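Below is one structure, written out as structure tokens, with a few remarks after it.
These numbers come from a predicted model, not from an experiment. Throughout, protein chains are lettered first and strands after them, A, B, ... in sequence-line order, and every chain is numbered starting at 1.
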Protein chains: 2
Amino acid sequence: MALSKKHIHILNQAEKLFAKNGYDATTVRDIAEAAGVNLAMISYYFGSKEKLLEALFMERMASGTLLIREINNMAHLNPWQKIQIMIDEYVNRAVQKQDFFKVMISEQVINQNPVVINYLRKIRKEYAELIGDLILQGQKEKIFCKKIDLALLLTTMTGTVKHMLINQEFYRHSLSLENMPYEKFQKILTKNLQTHIRKIFKSILGYDPQ
Amino acid sequence: MALSKKHIHILNQAEKLFAKNGYDATTVRDIAEAAGVNLAMISYYFGSKEKLLEALFMERMASGTLLIREINNMAHLNPWQKIQIMIDEYVNRAVQKQDFFKVMISEQVINQNPVVINYLRKIRKEYAELIGDLILQGQKEKIFCKKIDLALLLTTMTGTVKHMLINQEFYRHSLSLENMPYEKFQKILTKNLQTHIRKIFKSILGYDPQ
DNA sequence: AAATAATTTAAACAACTGTTTAATTTTATC
DNA sequence: GATAAAATTAAACAGTTGTTTAAATTATTT
């Protein structure tokens with residue numbers, strides 16, 4: 001389905017509501033009101049509430065896979081540099097697209113819509129294979145250690161980032177940054193997450209540049 | 001409120017449904033049917049669906065705080081040993097009480113019930129303070145490094161564990177353990193999570209026993 | 001300008017929601 | 001074994017849900 005500007009506008013509003021109140025607690029009337037359109041327009045444009053959710057996932061995830069392929073094609077970089085860039089980009093995307101990530105978490109926990117779940121699975125598999133290749137390459141070059149549990153490592157990255165999004169106010173408080181404007185805090189958050197996860201990857205991969 | 005056996009039985013069934021379908025998508029009729037009681041019994045025993053959720057959190061979290069205080073009082077252990085035990089116990093609890101942890105994640109993402117949210121906040125604060133004390137002690141003893149972002153480190157622990165619970169089938173597949181009986185896999189999962197997180201803590205804390 | 005298609009609207013729909021009621025059965029107390 | 005309390009039931013409640021309808025409006029094409 002090709003998405004018009006009106007489609008996108010409705011999706012944006014729906015995303016906000018889903019992130020805040022969850023899919024089930026968000027009514028079609030809520031979405032219509034937030035988007036400033038008539039109730040029947042949701043069915044008219046998307047067919048149903050559920051198909052709207054599917055459309056949201058298609059829309060938001062299309063860009064994700066492209067990026068990691070691009071990074072992987074940067075021929076002049078060694079495996080560690082590529083992994084580092086992938087970590088940074090993942091954190092960037094998560095922090096910038098917080099609302100969608102929250103919707104993603106909810107959907108993963110409750111696991112209802114088969115279209116969405118399959119889509120998530122596909123993306124995760126692609127991601128794991130790509131980083132798996134990079135690690136293999138690094139092991140050949142003897143800059144990574146031999147035994148690495150990739151799935152566990154990826155879980156730490158995504159788990160740390162997603163859990164941080166959910167509990168960011170706790171983190172903000174722990175750094176006593178309650179009064180900082182949000183944009184500024186967001187930058188610190190991103191930076192700290194990137195540094196932290198890079199450190200973990202370095203340690204687990206056994207990467208130790210002389 | 002003192003909980004009778006019937007209370008507990010209803011809570012157990014409700015927990016399963018909340019974990020599987022989410023709080024909002026679970027109807028009072030679903031709970032009543034699963035528990036084998038009349039619809040009106042839910043209101044009779046708990047007052048409302050929302051109060052049932054609150055009762056579930058009270059019930060499940062009461063044991064959690066006790067444990068960490070106990071560990072902290074083991075005088076013969078050094079800070080690192082205590083932290084290690086706390087990691088192990090956290091992973092144990094999470095894997096064994098998966099359903100409740102899933103309900104917890106959902107509630108943290110959508111953030112609706114004030115009683116639940118306040119309760120979660122309180123527990124997390126207690127937890128952070130205790131581990132914070134242990135880290136401070138370790139720094140005094142010069143076995144941990146000076147600059148440690150505790151909130152970030154805790155986020156990695158809880159994020160890794162929770163995200164693993166949600167995506168454990170992916171992990172099981174990545175280890176090619178699809179046909180293993182679940183109890184057996186659960187033990188491996190627990191063990192791997194513990195080892196992994198201990199490694200991360202060691203690396204971030206800079207703990208390096210000669 | 002007429003005709004056709006696309007968009008928008010208010011109203012209605014049937015099904016489902018959490019909760020309450022009042023009657024009934026079971027259990028405990030004397 | 002009578003009396004009171006507790007537990008259980010089926011039915012009804014009022015409000016909300018996602019979706020559809022058929023008419024009205026606007027935009028596009030001829």
**OP:** Indicate, with a heavy-atom threshold strictly under 4.0 Å, whether A:Thr26 touches base, sugar-phosphate, or nothing.
**Re:** sugar-phosphate

Original post:
Any side-chain N or O of B:Asn38 less than 4.0 Å from the OP1 or OP2 oxygen of D:dA10?
Top reply: yes

Original post:
Quick one: is C:dT9 close enough that its OP1 or OP2 comes under 4.0 Å of any side-chain N or O from A:Tyr44?
Top reply: no

Subject >> Interatomic distance, A:Met41 CE vs D:dA24 P [rounded to whole Å] >> reply: 16 Å

**OP:** Check whether any side-chain N or O of A:Lys51 sits under 3.5 Å from a backbone N or O of A:Phe46 as a donor-acceptor pair, and report yes or no.
**Re:** no

Subject >> Rounded distance (Å) that lies between atom C1' of C:dT8 and atom NE2 of A:His7 >> reply: 14 Å

Original post:
Atom CG of A:Leu39 to atom P of C:dA10: distance rounded to whole Å?
Top reply: 11 Å

Original post:
Rounded to the Å, how far apart are B:Lys5 NZ and C:dT27 P?
Top reply: 15 Å

Original post:
For the side chain of B:Thr27, counting heavy atoms from C-beta on, which of C:dT17, D:dA11, D:dT20 is nearest?
Top reply: C:dT17

**OP:** Looking at every strand, decide which applies to A:Ile42 at a 4.0 Å heavy-atom threshold: base, sugar-phosphate, or nothing.
**Re:** nothing

Original post:
Can you tell which of D:dT17, C:dT8, D:dT21 lies closest to the side chain of A:Tyr45?
Top reply: C:dT8

**OP:** Could you pick out which residue, A:Asp30 or A:Ser43, lies toward the 5' side of DNA chain D when each is mapped onto its nearest nucleotide?
**Re:** A:Asp30

**OP:** For D:dA6, take OP1 and OP2 only and decide whether either is under 4.0 Å from a side-chain N or O of B:Lys6.
**Re:** no

**OP:** Give the rounded distance in Å between these two atoms: CZ of A:Phe46 and P of C:dT8.
**Re:** 12 Å

Original post:
In terms of ring plane angle, is the pair B:Phe185 and B:Tyr171 parallel, tilted or perpendicular, where the classes change at 30° and 60°?
Top reply: tilted

Subject >> From A:Glu107 atom CD to A:Ile105 atom CD1, the distance as rounded to the nearest 0.5 Å >> reply: 11.5 Å

**OP:** Ignoring the backbone of B:Ala40, work out which of C:dA11, C:dG18, C:dT20 is nearest its side chain.
**Re:** C:dT20

**OP:** State which of C:dT19, D:dT19, C:dT8 makes the closest approach to the side chain of B:Val28.
**Re:** C:dT19

Subject >> d(CD1, B:Ile10; P, D:dA7) in whole Å >> reply: 11 Å

**OP:** For residues A:Phe100 and A:Phe57, establish whether the separation of their ring centroids is below 6.0 Å.
**Re:** yes

Original post:
In whole Å, what is the span from the CD atom of B:Glu33 to the P atom of C:dC16?
Top reply: 13 Å

Subject >> Six-ring centre of A:Phe170, B:Lys125 cation under 6.0 angstrom, axis tolerance 45° >> reply: no

**OP:** Between D:dT19, D:dT9, C:dT8, spot the one nearest the side chain of A:Lys49, thanks.
**Re:** D:dT19

Original post:
How many Å lie between CG on A:Asp24 and C1' on C:dT17, as a whole number?
Top reply: 13 Å

